Amino acid sequence: PAGFALSLAADGWFSHPLPGIRMKVLAINRTRDAATLLIDAAPGARFPEHHHNGDEECYVISGDVNTLGRRLGPGDFLHADEGTDHGELSTEHGALVLLVVRPEDYIPGFSAQA
C-alpha cells in the first residue's frame, strides 16, 4: 500500500565498483539525506580509506569487519560523525553490514537532485 516499501531478501542486489562487494539499497530518505543500505562483502574484500561527508552508521549483521584497530562481529555497531576520516576497512571471512549513510557517498551515480 501507499507509504510502504518492501524489499525481499533476494531482490535488488548489484555489484559495487569495489571488488568483492555487492550492495542493496533498502531505502532513501531525501528529507534526511540518508540511505539505508546492505553491504555484502566477500572474504578478503577491502573498502578504502574515506572521508565522511555525513554521519555514518554501521551495524554488523554477520561475519567480521576490521576497522579502527578492532575486529567487529555480529551485533557490533559503529557510528562515525560527519567530517571524520576513516581508514581502510576489511573483512577476513566476509560480512553482511547494514549502513545508514549519505546516498551520494555510497551509491554510484546517485544524484541528490533527482
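Everything quoted here is computed from the prediction, not taken from an experiment.
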Partner residues of [X] under the side chain to side chain contact (heavy atoms under 4.5 Å, CB included) criterion, sequence neighbours left out:
X	value
E92	D64, R71
A35	I28, L37, P103, I107
E88	R46
T84	H52, A80, D81

message = Determine whether E104 and D33 satisfy the following criterion, side chain to side chain contact (heavy atoms under 4.5 Å, CB included), listing intermediate values before the conclusion.
response = CA-CA 9 Å; E104 299 89 342; D33 193 24; 3.1 Å; yes
Could you list the donor-acceptor pairs under 3.5 angstrom formed between side-chain atoms of residues 1-15 and any protein atom two or more places apart in sequence or on another chain?
unit_1, atom_1, unit_2, atom_2, d
S7, OG, K24, NZ, 3.1
W13, NE1, A9, O, 3.0

Worksheet item: Mind checking what makes side chain to side chain donor-acceptor pair (under 3.5 Å) contact with T67, not counting sequence neighbours?
Response: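 With neighbours one apart ignored, the set is H86.
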**Request:** First locate atom CD1 of I61, then atom CG of L98, and finally report the distance between them rounded to the nearest 0.5 Å.
**Result:**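 The CG atom of L98 is 5.0 Å from CD1 of I61, to the nearest 0.5 Å.
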Exercise for the section: Kindly compute the distance separating CD (E56) from CG (L78), expressed to the nearest 0.5 Å. Expected result: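 Output value for this atom pair is 7.0 Å.
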(request) Could you check whether the rings of F47 and Y106 sit parallel, tilted or perpendicular, using 30° and 60° as the cut-offs? (result)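 Taking Y106 first and then F47, their aromatic rings lie parallel (interplane angle under 30°).
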Discussion item. Is it the case that the side chain of D40 and the backbone of R22 share a donor-acceptor pair, with hydrogens and angles ignored and the cut-off at 3.5 Å?
Written reply: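 Here the side-chain-to-backbone pair does not exist.
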- Query: Run the side chain to side chain contact (heavy atoms under 4.5 Å, CB included) check on N66 and L89 step by step: do they pass?
  - Reply: CA-CA 6 Å; N66 300 301; L89 291 95; over 6 Å; no
Check: Is there a chain of hydrophobic side chains (I, L, V, M, F, W, Y, each step under 4.5 Å between heavy atoms) that links F77 to L96?
Finding: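 In one cluster: yes.
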Exercise. Answer with yes or no whether the hydrophobic clustering places L72 together with I21; edges join I, L, V, M, F, W, Y residues whose side-chain heavy atoms lie under 4.5 Å apart.
Key: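 They do share one cluster, since a chain of ILVMFWY contacts under 4.5 Å joins L72 to I21.
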Worksheet entry | Minimum-distance pair of heavy atoms, taken over all atoms of D85 and H51 |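 Shortest heavy-atom separation between D85 and H51 comes out as OD1-ND1, 2.7 Å.
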Any idea which heavy atoms bring A45 and G20 closest together, and the distance?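 Scanning both residues, the minimum pair turns out to be CB-O, 3.9 Å.
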Legend entry - S90 and V65, any side-chain heavy atoms less than 4.5 Å apart: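 No, every pair of side-chain atoms sits at 4.5 Å or beyond.
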Can L99 and E57 be said to form a side chain to side chain contact (heavy atoms under 4.5 Å, CB included), step by step? CA-CA 6 Å; L99 286 179; E57 297 184 336; over 6 Å; no
Show your reasoning for whether side chain to side chain contact (heavy atoms under 4.5 Å, CB included) applies to L26 and L38. CA-CA 7 Å; L26 297 175; L38 276 177; 3.8 Å; yes
